[in-house]
Asks: 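Just passing along the structure, written as structure tokens.
Sequence lines set the chain letters: A, B, ... in the order given, protein chains first and strands last, and positions in each chain run from 1. Side chains are part of it too, since the values below use all heavy atoms of this structure and drop only hydrogens, waters and symmetry mates.
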Amino acid sequence: MATTTARKPATTAGAALVIRLGAAWHALLAFGLVAATWALLQARWVQRDGLRLYVAGLILLAAVASVSALVLLLRRDRRGRAISLGLNYIFGVGSLLSLLGVLGLYISLDEVAASFNRWVWLLLGVLVGFLIGSVGDRFTHAPTTQAAFHRVGGWVMGASAIILLLAMGLIQGVIGLLSGLGDPLALVLLSATVLFGLFFWLMLRPQLAVAFGAGERDAEAVSGFLFIAPNLLGFMLFFAGPLLFSLYLSFTNSDSFTAEFVGLRNYIEIFSLQFAQVPPGQRSGAVLSSGYIELVRLGDFVIGAKDRIFWIALWNTIVYCFWVTMLSVVPALLVATVLNSKIPGMQFFRAIYFIPSIAGVVGVAVIWKWLYNSNIGFLNYGINQVLGLFNRLPFVEIAPVQISWLASQQTALASIILMAAWQLLGFNTILFLAGLQGIPGEIYEAATIDGASNLQRFRYMTLPLLAPTTFFVVTTTLITTLQVFSEPFVMTPPPGGGPNNSTMTAVLYLYQRGFNRFEQGYAAAVAWVVFLFIFAVTLVQFRIQRRYGDM
Amino acid sequence: MQRMQRRFSWISLIAILTLALAACGGGTTAQPTTAPAPTEAAAATEAPAATEAPAPTEAPAPTEAAAATEAPVAMDEVALRWRTRPDNQAEIDVYSQISSELDAQLDNISLTYEPGGSETSSYQDVLKTELSAGTAPDVFWIPGTDIADFATRGLILDLRDLADADADYNDGDFYPGPMFHLTFNPETGMTGETLWGLPRDVSTFALYINNDLIEQAGAEDPRVLAANGEWTWDKFLETAVAVNNLGGDVKGFGMNAWWANPGLFINSAGGGFFNEDRTACALDSDASVAGMEFASRLYNEFGVAVPYGEDSEPPFLAGNVGMFLNGRWATPGTRASAAFDWDVVDVPIGPGGARSWLFWGAYVVNANTAHPEAAWQLVRALTTAETQSKIAELGANIPSRVSDEAIQAFLTYTPPANNQAFINNLANDPAVEGPLWAGSWPEFDAATGSKFTALLNGDLTLEDYRATVCEEANQAFDQ
């Protein structure tokens, strides 16, 4: 370790110049970014304070990174090169994408698609060219003829492709590109793209790597990052960015249009609970403070909440999660065990069980909604038909039933649980099946020779060996079910979440607060509470799994 | 092999680049219509009347109009997007046709019609999200209950100045109920000062009746009873019980689970959702509770209704429900699907009269539109008697203009034969669907909806309902 840091790498004059240029470039970039932050904070045209602060924060962060790169580059520190590469890459890609936007590429993609549909038949020429080339393959005995066919085929293919591109507007595109570059903003973005690209390329040069003493591992790391960069950028832009922005929103009273910082107010409102004793014969409203509404009553005690619906939604979500997990995991294991047997036609049954998993949730929910209809639904019809059979017996008279599956608060959530478990069962079965097929048959043979019964083999061999699969199945099912939205949204439509909020779930509730009532700040806070809850559940599961695995 | 792979990679790269190049050519044709250029929009709103708006309307003579619009600077055609919430494909077709006709009719305005989703696909939620993202259309329809929310958040344009400059426009041409809210100024609390939009149409509840079931049950014809002024709650209950007694899957009555349905019984009992100045919940008043008590008895004591929360329309269309409470919008579906003798009848008379609802929605203008004058012209064109009659002919709604001509035309749009029931309910002092200027309607709706459901499903006693219905609902009002 000491030898690697002690030895100063050799630096050529060219590399030294690039390092100095790179440092100057980062100084310029940092200055530009600070100026941009200032301008953004002053800008009146950005009406949304939250968004402005958020973007300003990100730009300032980049400025700090640029200054760090400057300092570290001058110190010949490898980290400086890494930061420089990252910044130049991000800003280079950003400039290029912005340039394409300014040139109108994105809003024209629809037109290109439409134009492609119009002219796609020209691709037949490419096919003809390909076929001509393929015919040539038959003339293996006559190389000249074969080459001639290949050449003609290539020409036909190329000509067809060019005609297609011309028909789609290639020339207009080139003219559009050239005229678009006349726009000063486009020129600035083009220059930025070139400069960022140039410095990225310079920093990537082997001479620079040598100058910073970067070894094989650094080169591999750079290559690795470059490979994952597109995905990483997408992740940052479309996942991590909005995630952080939602965290910021949760501390505001944002209504989508304006946002004022309110600190922890949203969280305080969510968690505000009050415990009070209610004298007999009195209503809870008389003892609870203003703004608190009875959540639950336990004998003479009442628990009031400022946001009663959140707690109801959370409770419903937990109930839903528990039952759907139970009903889709335990039966899935049993079904998988059966489907794992080598009986003819088992492939067919595996497919049958898997079908509900590939059906869309919304479509399935709509169909189940009809099945559940109390008046004309098949479920009540089927029950009454069965009851009718019993009624044929002497002295038996059972009145027909009309269960309000989705309309009654006693049955609504259970109805949705049943449907969701049915839909998840197939997927979990396939996962268990894969796990079961990974267990070597020899182990079972040995156990059989030792006299283990079927039940003992299942209890002491299958279950422990399936533990990783079980952990995966339970974790993914828990996470999926804790985020339940579509099923209650479709089956018990708004307003509210079903009869007397009995199917209101946490995600449905945050959707309603955010998109139905314009309370994006509060909805973001609910989202973070739900996220932390799911995170905590998963963490506990990991701990249990680890302990279970250690035993 | 490696060479082929490399060649393929190069060909792919060239293909992508050339396609991208081709895309660069079309950028100029597809500009967003709601261009957010703030200065342009602001300038246009600050000086709405002087240049563009009055010219086409005040100077109808073709030559003058042409001179006014095509004058010194060649005026580019204005592209407007507009949206409404149709209930079915037939309505989409009619709106598309209207859009094409208006496109040809309105000078220098090019229209794109976007059918919005249905109520169940959250039309308003999508619209709000688009407004937030700055991609909402220039002109769109919203229900009457949402006007306050959109207006107070500054999402829709106050069209009063444009209307005042329009000599042909008169607030009095439309039903006064919707216009009260559409001209309400939340800053002064006075009506008649603003103009948030113009009503697309109006509608009201009536009872859709299955004459076959009623006759089979031996009940009196509700239409005859209504004509004689005897269609009371008692008679209504008698009819429902008689039909219900037919047994099997047959139910006497059905209504869907949203605020207006229980609201009808509250209104007819003499109660209401809000206090007089609409600043607090009044669902716990004696009259309001009496209305809900009657509704609750239908479900819990007599068991004559399709369970509250179930969609009553499919069993009604299947011929299993004697009376189905719904608005005019249910007519096209009933025309298409009912295979039995059906008609409509007035809503029954309760202790407070036969008070139905006056439902309405309005065309409003996006506050960020770049073309307010053109948008106003479009709103005016969409609410002319001619346009409204084309929509009303479909059967889904009633023209929002108060005119004998419109009413006479509406009566001819049969079936149902007894269209007069809708007109009676409109004339009979209906409660106007209205926004909450002093609170949040979605919050009020969510809070009360769950209480209605709990009471009508027997999960809450009437006493508990009275004690708690306004507890959460009052939080919807500005503190």
Asks: Can you name the nearest heavy-atom pair linking A/R283 to B/A467, along with the distance?
Replies: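 That closest heavy-atom pairing would be NE-CB, 3.2 Å.
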Asks: Given that the side chain runs from C-beta out, which part of A/P400 has a heavy atom under 4.5 Å from chain B: side chain, backbone, both or neither?
Replies: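 Contact with chain B: none, neither part.
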Asks: If you count heavy-atom pairs within less than 4.5 Å of chain B, which of A/S179, A/S404, A/S374 leads?
Replies: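 Option with the greatest count: A/S374.
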Asks: With a 4.5 Å limit on heavy-atom distance, are the side chains of A/R517 and B/D149 in contact?
Replies: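 No; the side chains remain at least 4.5 Å from each other.
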Asks: Taking atom CZ as the centre, does A/F485 end up with more than 12 heavy-atom neighbours from other residues, nucleotides or ligands that are less than 6.0 angstrom away?
Replies: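 Count over threshold, so yes.
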Asks: Is it true that atom CZ of A/F378 has more than 12 heavy atoms of other residues, nucleotides or ligands lying nearer than 6.0 Å?
Replies: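 Result for CZ/A/F378: open.
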Asks: Sort A/F518 into side chain, backbone, both or neither according to what part of it lies under 4.5 angstrom from a heavy atom of chain B.
Replies: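 Both backbone and side chain.
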Asks: If you round to the nearest 0.5 Å, how far is CD of B/E471 from CD of A/E294?
Replies: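 Here the interatomic distance stands at 7.5 Å.
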Asks: Go through the structure and list residues passing side chain to side chain contact (heavy atoms under 4.5 Å, CB included) with A/Q520, not counting sequence neighbours.
Replies: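 Counting only residues at least two positions away or on another chain, A/Q520 forms a side chain to side chain contact (heavy atoms under 4.5 Å, CB included) with A/S254, A/S256, A/F515.
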Asks: Report yes if some heavy atom in the side chain of B/E310 is under 4.5 Å from a heavy atom in the side chain of A/N375; otherwise report no.
Replies: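 Side chain of B/E310 against side chain of A/N375, heavy atoms only: no contact under 4.5 Å found.
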Asks: Crowded around A/I171 CD1? As in, over 12 foreign heavy atoms under 6.0 Å?
Replies: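 Counting neighbours around CD1 of A/I171, 12 or fewer heavy atoms of other residues, nucleotides or ligands fall under 6.0 Å, so no.
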Asks: Check side chain to side chain contact (heavy atoms under 4.5 Å, CB included) between A/I376 and all other residues, then give those that pass, not counting sequence neighbours.
Replies: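 Side chain to side chain contact (heavy atoms under 4.5 Å, CB included) list for A/I376, sorted by chain: A/W370, A/N373, B/P314, B/P315, B/A318, B/N320.
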Asks: Does anything in residues 452-463 of chain B reach chain A? List residues with heavy atoms under 4.5 Å apart, or say none.
Replies: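 Result: B/T453, B/A454, B/N457, B/D459, B/E463.
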Asks: Could you measure the distance from the CG atom of A/N516 to the CD atom of B/Q124? Nearest 0.5 Å is fine.
Replies: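 These two atoms lie 8.0 Å from each other.
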Asks: For the atom pair NZ (A/K369) and CG (B/D311), what is the distance rounded to the nearest 0.5 Å?
Replies: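 Separation between the atoms: 6.5 Å.
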Asks: By salt bridge (Lys or Arg N to Asp or Glu O under 4.0 Å), which residues pair with A/R118, not counting sequence neighbours?
Replies: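 Result, salt bridge (Lys or Arg N to Asp or Glu O under 4.0 Å) vs A/R118: none returned.
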Asks: Heavy-atom distances under 4.5 Å only: say whether A/Q409 touches chain B with side chain, backbone, both or neither.
Replies: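 Both the backbone and the side chain of A/Q409 come within 4.5 Å of chain B.
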Asks: May I ask you to name which of B/D249, B/V306, B/T468, B/V321 has the most heavy-atom pairs under 4.5 Å with chain A?
Replies: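 The option with the most such pairs is B/D249.
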Asks: CD1 of A/I293 to CD of B/E472: how many Å apart, nearest 0.5 Å?
Replies: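 Rounded to the nearest 0.5 Å, the CD1-CD separation comes to 4.0 Å.
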Asks: Taking the side chain as C-beta and beyond, is there a heavy-atom pair between B/E443 and A/E519 under 4.5 Å?
Replies: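 Side chain of B/E443 against side chain of A/E519, heavy atoms only: contact under 4.5 Å found.
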